[in-house]
Amino acid sequence: MHHQPSRRTVLATAAASAVTAGAFAAGVPSAQAAVPDRRLIRAIIARMSRAEKVGQLFVMRVYGHSATDPDPVDVASNQSEMGVSDAAELIAKYHLGGIIYFSWAHNTRDPHQIADLSNGIQRAGLAHGTPIPLLISTDQEQGAVARIGSPATLFPGGMALGADGDPHDARAAAHVVGTELGAMGVNQNFSPVSDVNIDPANPVIGVRSFGADPQAVAALAAAQVKGYQGAGIASTAKHFPGHGDTGTDSHFDLPVITHSLDEWRRIDAPPFRAAIAAGIDSIMTAHILVPALDDSGNPATLSRPILTGILREELGYDGVVITDSLGMAGVRQKYGDDRVPVLALKAGADQLLNPPLLDVAWNAVLDALTSGEITDQRIDESLVRILELKARRGLFRNPYVTHQGVDRAVGIRSHLTTADRITGRTVTLLSNPSRILPLPRRAHRNLLVVGADPAAPSGTGGPPTSVLAKALTDLGHPAQALPTGTAPGQAVIDEAVAAARGKDGVVIGTYNVTAAAAGQIALVEALVATGVPIVQIALRNPYDIAWLGGVAAGIAMYGWTDVSMRAVARVIAGRAAPTGRLPVAVPRADDPEQTLYPIGHGLKYR
């Protein structure tokens, strides 16, 4: 590990000659938010050049596991996309205020490496011009979206926590995640997802949401804000003004939310109000059209009526507003990449996330500032919020982390135990008409585990059929794994039917079954026809069971990573009771206007 500057050096350089970091509550424990002094923040801003001010607004991706010595393939990617070799050069060239980590950018190999990368990034931020530490962020939502895998502690995602329904558990999970992220130098998590998911066909939110009940989502969102920030890192509620009622993915198109103003206030607003009341550090915008809030045709990210009129003025929020990725199609359809960042700032955003071409975006904002289209006063307003956030999270005091701190926090036994305990409370038993569950503990049942093996978030284990089969075997029910995929053909179905013969039961993991999932439906029908009892597990969306007749039991898990597979195995084997309740309604397949299972449904063992 590189030698770190002394604490005295960090304090002296962070605010340069104008101020000292001691004014930012030196000595405050890292998990306790310091109270920034706005006069000293403004003194730092007064020293900054316009180029430094513009850079501070951007949060950017960078390829590589090291800030100064990435692998050649990552050097090539950085050169191709940004004209630099590594993170240190990127920060020096553009004076960036933040870096976002992705597994696909090779930022997250292992906890010690992540800590070293974070330290290298912070050294770069303090090495040039006006020395300012960086916000280092990632999307560690858990469940379907996790950028940092094992040995970090992994929890199920939002909808699973919604099935648990306990704000104390949601807060505990966030506190564990926040503690581990902070130990690795990640000081801002783009979580919790605060969208109320009322469209079962939502392709981009779905199980990332806590559920369909606005008040329940609000309680869990607020709890997670307190968990993350109580652990010393910034939390980010997303995606404002609410991305939960759309069948369009804003990564690829521009969704339209047709809620009236009253519907928005009743359905979408409560979680964001609750997050603000809980002291949320940052809120992320959505690339969606909401005509009832702004009929200009601009997505929310570029809408002054939404970001300033509603978020700032109506909801009273004065924290950091960060855009969703500016590389997504939803924000790029109406304007060019040179106009999008300028319009986002004019709308009321503070941080500009991951533009596709940084030089285009950065120069466009600098040109707008130079020409007077954006005033210095407007930029300074955003800088005050950003620097106050950095001060509040202790970054001016000491932005560095250690390997010892990683070892004391990341993937420790108490955290893993907490994850298993909370995940166990998310298992939702939807149907059990023949009372096949739980399997009798004294009588071994030979089982076949088939089904989809969807790709897991990087480093989160899998494949789920193998993990589930091993967990059941370890619990006394020998199980054979036979992956059948998300679209099994007749040959695969025939193989599964043959493997089921002689078994005492079949456990099948289904994945997002709809009318279009003919192969999965045919597989279940063929297995039911064997007469062997079939236990169905919805690995992602809980709506699958509506399409699958004849199963002996149906379970919703809302996720398919290892921690969830171990939890459902304990329930199937009778080592734990199912206690989860649906946080969304499951509509009938033949008549979606009718409800098959309502919010709150969940069977128990008797």
Side-chain angles (χ1 to χ4, degrees), residues 2-38 40-45 47-49 52-60 62 67-68 87-101 107 114-138 181-189 229 232-234 281-282 320 322 350-351 382-402 405:
H2 294 285
H3 173 70
Q4 302 302 344
S6 68
R7 181 173 180 274
R8 182 182 300 275
T9 303
V10 173
L11 296 182
T13 60
S17 58
V19 293
T20 65
F24 296 111
V28 177
S30 61
Q32 181 179 341
V35 180
D37 187 322
R38 186 163 286 192
L40 299 173
I41 293 288
R42 291 194 180 279
I44 296 175
I45 294 171
R47 296 186 66 253
M48 297 170 68
S49 67
E52 288 175 324
K53 288 182 176 184
V54 169
Q56 196 63 210
L57 306 174
F58 283 93
V59 179
M60 193 63 185
V62 67
T68 55
E89 289 185 16
L90 184 68
I91 293 163
K93 180 175 181 179
Y94 290 103
H95 315 286
L96 293 181
I99 293 287
I100 179 172
Y101 287 169
N107 304 139
I114 296 169
D116 291 345
L117 174 60
S118 299
N119 286 339
I121 286 168
Q122 297 296 5
R123 276 193 299 274
L126 297 176
H128 305 281
T130 307
I132 298 175
L134 281 85
L135 283 168
I136 299 175
S137 56
T138 197
L181 288 176
M184 293 180 277
V186 180
N187 46 53
Q188 183 178 27
N189 192 15
Q229 296 186 180
I233 72 167
D281 276 337
S282 48
V320 169
I322 182 167
D350 302 305
Q351 287 185 304
S382 287
L383 292 175
V384 167
R385 295 187 189 106
I386 293 166
L387 296 187
E388 281 188 340
L389 171 53
K390 293 181 178 187
R392 194 159 57 245
R393 292 296 147 211
L395 298 182
F396 285 98
R397 189 172 63 248
N398 182 7
Y400 298 109
V401 294
T402 65

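This structure is a prediction, so every number in the text was calculated from the model and none was measured.
Between Lys390 atom NZ and Gln188 atom CD the span is 9.5 Å, to the nearest 0.5 Å. To the nearest 0.5 Å, atoms CG (Asp281) and CG (Leu389) are separated by 4.5 Å. To the nearest 0.5 angstrom, Met60 atom CE is 13.5 Å from Leu134 atom CG. With rounding to the nearest 0.5 Å, the separation of CD1 in Ile136 from CD1 in Ile100 is 12.0 Å.
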Next item on the list: Step by step, work out the side chain to side chain contact (heavy atoms under 4.5 Å, CB included) result for Ile45 and Lys53.
Entry: CA-CA 8 Å; Ile45 294 171; Lys53 288 182 176 184; 3.8 Å; yes
Item checked: Audit row: Asn187, Gln122, side chain to side chain contact (heavy atoms under 4.5 Å, CB included) steps and yes/no -> CA-CA 11 Å; Asn187 46 53; Gln122 297 296 5; 3.7 Å; yes
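For Thr138, the side-chain hydrogen bond (donor to acceptor under 3.5 Å, both in side chains) criterion is met by no residue, not counting sequence neighbours. Under the ring pair (Phe, Tyr, Trp, His ring centres under 6.0 Å) criterion, Tyr94 pairs with Trp362, sequence neighbours left out.
Without hydrogens or angle criteria, Asn119 side chain to Val401 main chain gives a donor-acceptor distance under 3.5 Å.
Inspection of the Gln351 and Ser282 side chains reveals no N or O donor paired with an N or O acceptor under 3.5 Å.
The shortest distance between side-chain heavy atoms of Ile121 and Tyr101 falls below 4.5 Å. Side-chain contact between Leu117 and Asn107 is present, with heavy atoms from C-beta onward closer than 4.5 Å. Between Met48 and Ile132, some side-chain heavy-atom pair lies under the 4.5 Å cut-off. Glu388 places a side-chain heavy atom less than 4.5 Å from the side chain of Arg38. Residues Gln229 and Arg393 are in side-chain contact: their nearest non-hydrogen atoms beyond the backbone lie under 4.5 Å apart. Inter-residue side-chain proximity for Leu135 and Leu395 is flagged as met; some heavy-atom pair is nearer than 4.5 Å. Between Ile386 and Leu57, the closest side-chain pair of non-hydrogen atoms falls below 4.5 Å. Counting only heavy atoms from C-beta outward, the side chains of Gln56 and Leu387 approach each other to under 4.5 Å.
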